[in-house]
Amino acid sequence: MRMAFDPTILVQYWPLFLQGAWLTIQVSVQAFLLGYTLGIAVALLGLMPGRLPRLAATSYVEVLRAIPFIIILFVIYYGLPFSGLRLPAPLVGTVALGLFASAYYAEIVRAGILALPRGQFESARAIGMSPLQAMRHIVGPQVARAIVPPSTNMTLTMIKESAVLSSITVPELTYQGLVVQGNTFAPFEVFAAVTLIYWGITIAVAGAARRLERRLGVAQARGVSRNRLAASYLLLERERAR
Amino acid sequence: MSIPALKVSGLTKRFRGVTALDSVYLDVARGEVVTLIGPSGCGKSTLLRCLTWLEEPDDGFIEVGGRPFGRTIVGQVVHRQTRREIDALRPKIGLVFQNLNLWPHLSALENVARGPVVVLGRKRAAVEAQARALLARLGLERQMDKHPHELSGGQRQRVAIARTLAMEPELILFDEPTSALDPELVGEVLGLLREIAATGMTMLVVTHEIGFAGGVADRIAFMDQGRIVETGPARAVLDNPTDPRLRAFLGRVLPSSLGVTA
Amino acid sequence: MSFQFAYLAGLMPNLAVAALVNLRLSAMIIVLALIGGTALTILRSLKIRPVNALIAFLISFIRGTPLLIQIFLFYYVLPAIGLDLSPTVAGVAAIALNSSIFISETMRGALITLDPGQIEAATALSLPRHLVWAKVILPQLFRRVLPVLVNEATIVVKGTALLSVITVVDVLRTAQQIASASYRPFETLIGAALVFLAINLTISLLGRRIEGRFAVQRA
């Protein structure tokens, strides 16, 4: 049993780790963009009047949140060829990850919109702003500030979940780690490196998010609606998504 | 006969079977200060909300300075105005909400300046200068760049009033201006309302401060169950209420505030 | 090839049986995580500097890295330094550790919301520390974190699906095995998805019912 830590392995294989990390980041960014766009659409759908839109949105969210991401991924990856489409693994992985994340983003956006007191919109309309102006100047900025912290939380979760893409041979960081480990039989060194890289990515993203929060003045926006906003925010923080 | 600042005819509003406003008639002359009093649930707030079309009345007409607002009648046909037409008249009807609804992500100055820039299309530089002057007149010289959560209740109240004044309204509606304040500040706000009244602004104030009603208002209107039951010169109504419901109401409310003139 | 509902229906009994593995493992993990999380919370409250520093390090690590990687660490790396665990044990340990950390963090957040007066009263009555925890703090804490715990349970259940990657024969691995024999991956995977849907929706609904009952009890 080898006990010695052999860093030369890492030196030899660092290009692979770097490639893997880079793909992890790319996939995450694309999945985030897809997921958030979808999430906003679903959130708005759920806020429309009538029972059907709300039912559709709720079902979408509940189903995607109850099923493990790996199964969502497999269903799309292994199921798609049967309808004629044969797409490359990274694309399927990105779409699946975005789909998965969209369910959580939808809830975050919805909660952010509902947390804003109706009076904010009304006072804007009462001085003559059009609904669009009210959205742009008063509602939008406040909702944006409210959704940044829970969105950060979910995005970090999504980045970590991207490791699962290794199971459909997407050559991201975890996959590269398994490849190197298969070549070198040095699990300790390999996973130490992979772990540290993931850790570094999440710390960097969390730090960037904090800076963004400060610039947006997240603390200031919580003046009037404090109780309702805090309540929903806390609920979302508690709902640790994976 | 001069055109009234506000003319309300037969305004009716029903909520799921409950009649909140029951054919309300009210005229407010230019420069007049009318106080609206009544027991809770009588429809005072609903009336104010209908007057800015935040609620759409089921029946009735509103005229602001002679211009129809929300609904017009041509001959026998009633037309609902377009959203644009309604929004165009809204700045003329100022509304100061009971809970103020200041915008927390904007500074006090920006709360006041945003409306004229976005809605009235004025140039920013001029608007900001006017906003500063307005806030200074209200005693907020050093609070202009602060955000609402950094301000005291009384200061927030003044920012809310400034925001409405900045839109150059023809009349201002006040929904319970003193209810959210500590008792010591009530006098301050009432004084402020007196000052605004003194500038000749037309005001319709919903309040439970009977002292204000007696001291500053020209007229008092008493509402009960969605109807304006009695209206008349302030002192007359308070000293000699005719309607028994008004008498009962004043009997309940007055002993503590009798003689208190703001 | 079109989707065959009949085939899917025929699969469900097999998948349901395989799902028992997930349920059994989830139950073990949740119990371990509750014990671990509570122990961690009590340990952190002792405010021993080096211990808390180590725990903070661990928390950052667990929260900053993927669960799959943590599972791989238990499965691939531990044998390399002498600790050879079966796939099931390694997987359960990894998920339990992960869950303990999150539960501890949640409890820490809830701890702040407790009324300090009660704890002061208990200490003033010379109640020994372990009784203060057992009789005063923990009961209230659990009532407060219950909704989060229910959510954590669904996360644990979903986590057990990952164990199929390290050869544990759970419902996902079973579905994959069936699929490779029958060449109908879509139906089998949808079947596995439905199983998890059923389990997690049931947990959420049960959770809401229990929450309601606890809320009524609270004075």
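Numbers restart at 1 for each chain; the letters A, B, ... are given by sequence-line order, proteins then strands.
Using a 4.5 Å cut-off between heavy atoms, C:Leu172 contacts chain A through its side chain alone, with no backbone atom that close. Of the two parts of A:Ile67, the backbone and the side chain both hold a non-hydrogen atom closer than 4.5 Å to a non-hydrogen atom of chain C. The part of A:Leu178 that comes within reach of chain C is its side chain, from C-beta onward, which places non-hydrogen atoms under 4.5 angstrom from that chain. There is no contact between C:Thr188 and chain A, counting heavy-atom distances below 4.5 Å. Heavy atoms of C:Glu105 lying under 4.5 Å from chain A are absent altogether. Interface residue A:Val164: backbone and side-chain heavy atoms are both found under 4.5 Å from chain C. Looking at C:Leu68, only its side chain comes within 4.5 Å of chain A, counting heavy atoms on both sides. Contact annotation for C:Thr65: both backbone and side-chain heavy atoms come within less than 4.5 Å of a heavy atom of chain A.
Between C:Phe61 and A:Trp199, the ring planes lie perpendicular to each other; the angle is over 60°, past the 30° to 60° tilted range. Between A:Tyr105 and A:Phe32, the angle of the ring planes goes over 60°, which puts this pair in the perpendicular group of the 30/60° scheme.
Among A:Ala163, A:Gly79, A:Ser162, A:Ala66, the residue with the largest count of heavy-atom pairs under 4.5 Å with chain C is A:Ala66. Of the listed residues C:Thr154, C:Val157, C:Leu194, C:Asn200, the one with more heavy-atom pairs under 4.5 angstrom with chain A than any other is C:Asn200.
Counting all heavy atoms, side chain and backbone alike, C:Val156 lies closest to C:Ser99 at CG2-OG, 3.4 Å. Across every non-hydrogen atom of C:Leu43 and C:Asn52, the tightest pair is O-OD1, 4.2 Å.
Taking the side chain as every heavy atom from C-beta outward, C:Ile166 and C:Phe72 approach each other to under 4.5 Å. Using a 4.5 Å heavy-atom threshold, the side chains of C:Leu34 and C:Leu149 count as touching.
Look at C:Arg184 and C:Glu187 and you find a salt bridge, because one of the NZ, NE, NH1 or NH2 atoms lies within 4.0 Å of a carboxylate O, short of that distance.
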